[in-house]
Amino acid sequence: MLSARAAAASHAASLWKRGGGDVGSGNGCTSCMEVRRRAASVTVRAAPPKRVEAVAMESAAETAQSDKEVAEAGGAVEEEYGEDKPMEEELPVTPWAFSVASGYTLLRDPHHNKGLAFTEKERDAHYLRGLLPPAVVSQELQVKKIMHDLRQYNVPLQRYVAMMDLQERNERLFYKLLIDNVEELLPVVYTPTVGEACQKYGSIFRRPQGLYVSLRDKGKVLDVLRNWPERNIQVIVVTDGERILGLGDLGCQGMGIPVGKLSLYTALGGVRPSACLPITIDVGTNNEKLLNDEFYIGIRQRRATGEEYHELMEEFMDAVKHIYGEKVLIQFEDFANHNAFDLLAKYSKSHLVFNDDIQGTASVVLAGLLSSLKVVGGTLAEHTYLFLGAGEAGTGIAELIALEISKQTNAPIEECRKKIWLVDSKGLIVNSRENSLQPFKKPWAHDHEPLTTLLDAVESIKPTVLIGTSGVGRTFTKEVVQAMASFNERPIIFSLSNPTSHSECTAEEAYNWTQGRAVFASGSPFDPVEYNGKVHVPGQSNNAYIFPGFGLGVVISGATRVHEDMLLAASETLAEQATQENFDKGSIFPPFTDIRKISAKIAASVAAKAYELGLATRLPRPRDLEKYAESCMYTPIYRSYR
Ligand SMILES: O=C([O-])CC(=O)C(=O)O
Ligand SMILES: [Mg+2]
């Protein structure tokens, strides 16, 4: 039995899986419609199913519908699959054929299973009578029941496992649950719980939820991709597991991250689940604990580096483009600094790539700052920024702030960077350290005497904004936060490291140590805090606000490259969504409950920018991009089966 995505429908697999020699055209793309027609005819000729008509009809109807959605959504893969191309007639193929789920198999198919929500009529038509207890319930009641069950668990990881089980059992119910209870369930399927899930992934792994590409697959990566049962992929999230949240190297067990991120692509951004593909690249791990763990699921060796690493990545990136085409968005996630910047720089020239930790985080934090200005006053250029942590998030955010200041003031970016200071593990980044700095830190080496501690840097630079991206918890000490409060009426303090245990300070500390004056946001969620009779609701400055809508915008416009102006557009749109009501409660972000609407707006502004820059390929441009984005979004309501 396969996973939610993988299992389903062997018919899905049959749509495109074949033996050697496929995708010879180099397009690597298919017309689903065409393939399905062909596959369907194979079924009829090969083995006519006896009692499947109704499901087949439903399937076909759904397929046609989703084809329409896909086609309308742009980014659809429309070229001929090419199996029957004359030049390929000699090549062997695998005779994949349709099989349509009904009866017991239907209940085991997460794409189509509705559990007790199957109606009497459907139970008759689809050979389910007797396989289910007599009660027929609504999807709403199913949601209520599962929420009730989830709330019985005291251990977050139990909730995570229960959610994953649901995803593998009944996909639509999983997404309905997540969408309807997003604030409560985000911390379960995402940070902080997903971090713990990755640490223990060896024990909780049940079924494949994505693809594993390991060093052993060198030379065969294309074959690995071909084993995935869905063909029409629009978004890939890929990690090599080296820097999972702030938890470090979790090797192959990092798979929880792409799985979690993609479930948010669907729940928050409306990208169809079948268009999402989680991938983990396994080049080994330097985590001794995992290497010695008998339950570790990855290859048991130290990380490959240098040429060996880059060769595998290159084969992977080539294979993705080859098989899914130019318009698949590849989101790099939780790579270590030393690879993340290089991979982004290298592949942004040839592929549609986006690094969430560098660019997504930057975009959400810039949005948070733009909103904060409405609370504390001043322009971006009038503030002074100090970061603890000069990795992907730190330098990514710093660069996007500088870019926005440069746009607003027409000053050269080099000048704008001077408003922004970074502290790394060796202290303030200053000119005298320049020769020993990694390339991505060099733009931030300014004129200043060397300082080794954060507190010294705070006292000397006197920032108005303090941002933690260090991955190290409890580094915004009482002294540091109090210093911020001593020279700022409203200090802006963002503790962005994930998961919660790695946050630079807690929400409670930030409010207590500043007498409730801090404008605070964190990467992982914190509960509201009462200080002096006022309840403060801390905002969650997490890239989950951005990447789902950003990805949707890229997909619906058929963009072929990510441009930094698209990130700025996303930031500005998100910032506009925070209201006075949110500010009054202490949050600089709108609540996640509104996220699908927000994602549609972000998608529209990202798509608009892609059209403006000439990067969009879905032509003609839809007139109302926001309505269009909304119309493309997947909804998990059950379909009726004929
Ligand atoms: O996953 C999250 O919550 C945010 C993120 O990208 C990270 O911390 O690496
Ligand atoms: Mg990340």
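When a ligand or atom number is given, it counts from 1 through the structure's own listing order. Positions are given from 1 along the sequence.
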Undergrad: Please report which non-hydrogen protein atom sits nearest to atom 8 (O) of ligand 1, along with the residue it belongs to and the distance in Å to one decimal place.
TA: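 Going by distance alone, atom 8 (O) of ligand 1 is nearest to Asn498 ND2, 2.7 Å.
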
Undergrad: Report the name of the N/O/S atom of Asp357 located nearest to the Mg ion (ligand 2).
TA: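 Looking at Asp357, the N, O or S atom with the least distance to the Mg ion (ligand 2) is OD1.
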
Undergrad: Passes salt bridge (charged side-chain N to carboxylate O under 4.0 Å, His left out), Asp293 versus Lys289? Steps please.
TA: CA-CA 6 Å; Asp293 178 353; Lys289 203 165 151 233; over 6 Å; no

Undergrad: Below 3.5 angstrom, do we get any N/O pair linking Glu333 and ligand 1?
TA: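 There is such a contact, yes.
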
Undergrad: Identify, by atom number and element, the atoms of ligand 1 in contact range of Lys261, meaning under 4.0 Å from any of its heavy atoms.
TA: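 What qualifies from ligand 1 is 1 (O), 2 (C), 4 (C), 5 (C), 6 (O).
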
Undergrad: Without hydrogens or angle criteria, can the side chains of Asn543 and Asp356 be said to hold a donor-acceptor pair below 3.5 Å?
TA: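 Side chains of Asn543 and Asp356: pair found under 3.5 Å.
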
Undergrad: Should the pair Glu288-Arg302 be classified as a salt bridge under the 4.0 Å nitrogen-to-oxygen rule?
TA: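 Looking at Arg302 together with Glu288, the answer is yes, because their closest N to O distance falls below 4.0 Å.
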
Undergrad: Should Glu168 and Arg206 count as an ion pair when the cut-off is N to O under 4.0 Å?
TA: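 A salt bridge is absent here (no side-chain N lies under 4.0 Å from a carboxylate O).
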
Undergrad: So how far is it from Cys276 SG to Tyr265 OH, rounded to the nearest 0.5 Å?
TA: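 Rounded to the nearest 0.5 Å, the SG-OH separation comes to 8.5 Å.
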
Undergrad: Who's the nearest protein heavy-atom neighbour of atom 3 (O) of ligand 1, and how far?
TA: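 Residue, atom and distance for the closest contact: Asn542 ND2, 2.8 Å.
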
Undergrad: Got the closest protein heavy atom to atom 9 (O) of ligand 1, with its distance?
TA: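 Going by distance alone, atom 9 (O) of ligand 1 is nearest to Arg243 NH2, 2.5 Å.
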
Undergrad: For Val194 versus Gly256, what's the shortest heavy-atom pair and its separation?
TA: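 In terms of heavy atoms, the two residues are closest at CG2-O, 3.4 Å.
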
Undergrad: Please state which part of Asp334 comes within less than 4.0 Å of ligand 1, counting heavy atoms only: side chain, backbone, both or neither.
TA: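 It is the side chain that touches ligand 1; the backbone stays farther off.
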
Undergrad: I'd like to know if Lys478 pairs up with Glu509 as an ion pair, taking the criterion as any Lys NZ or Arg NE/NH1/NH2 lying under 4.0 Å from an Asp or Glu carboxylate oxygen.
TA: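 Not counted as a salt bridge, because no side-chain N and carboxylate O are separated by less than 4.0 Å.
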
Undergrad: Thinking salt bridges, do Asp334 and Arg243 make one under a 4.0 Å N-O criterion?
TA: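 Salt bridge: yes.
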
Undergrad: Looking only at heavy atoms, what is the nearest atom pair of Val271 and Thr266, with distance?
TA: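 Between these two residues, the closest heavy atoms are O-OG1, 2.8 Å.
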
Undergrad: How wide is the angle at the Mg ion (ligand 2) between OE2 in Glu333 and OD1 in Asp334, to the nearest 10°?
TA: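 Glu333 OE2 and Asp334 OD1 form an angle of 110° at the Mg ion (ligand 2).
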
Undergrad: Taking heavy atoms and a distance under 4.0 Å, where does Val194 meet ligand 1: side chain, backbone, both or neither?
TA: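 Val194 to ligand 1: no contact under 4.0 Å from either part.
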
Undergrad: Please determine if the Mg ion (ligand 2) has an N/O/S atom from Asp356 lying under 2.8 Å away.
TA: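 False for Asp356.
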
Undergrad: Numbering the atoms of ligand 1 from 1, which are under 4.0 Å from a heavy atom of Asp357?
TA: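 Taking each heavy atom of Asp357 in turn, ligand 1 has 5 (C), 6 (O), 7 (C), 9 (O) under 4.0 Å.
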
Undergrad: Go through ligand 1 atom by atom and flag the ones less than 4.0 Å from a non-hydrogen atom of Thr191.
TA: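 Checking each atom against Thr191, I get 3 (O).
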
Undergrad: With heavy atoms of Tyr190 as the reference, note each atom of ligand 1 found under 4.0 Å away.
TA: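 The list of qualifying atoms is 1 (O), 2 (C), 3 (O), 4 (C).
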
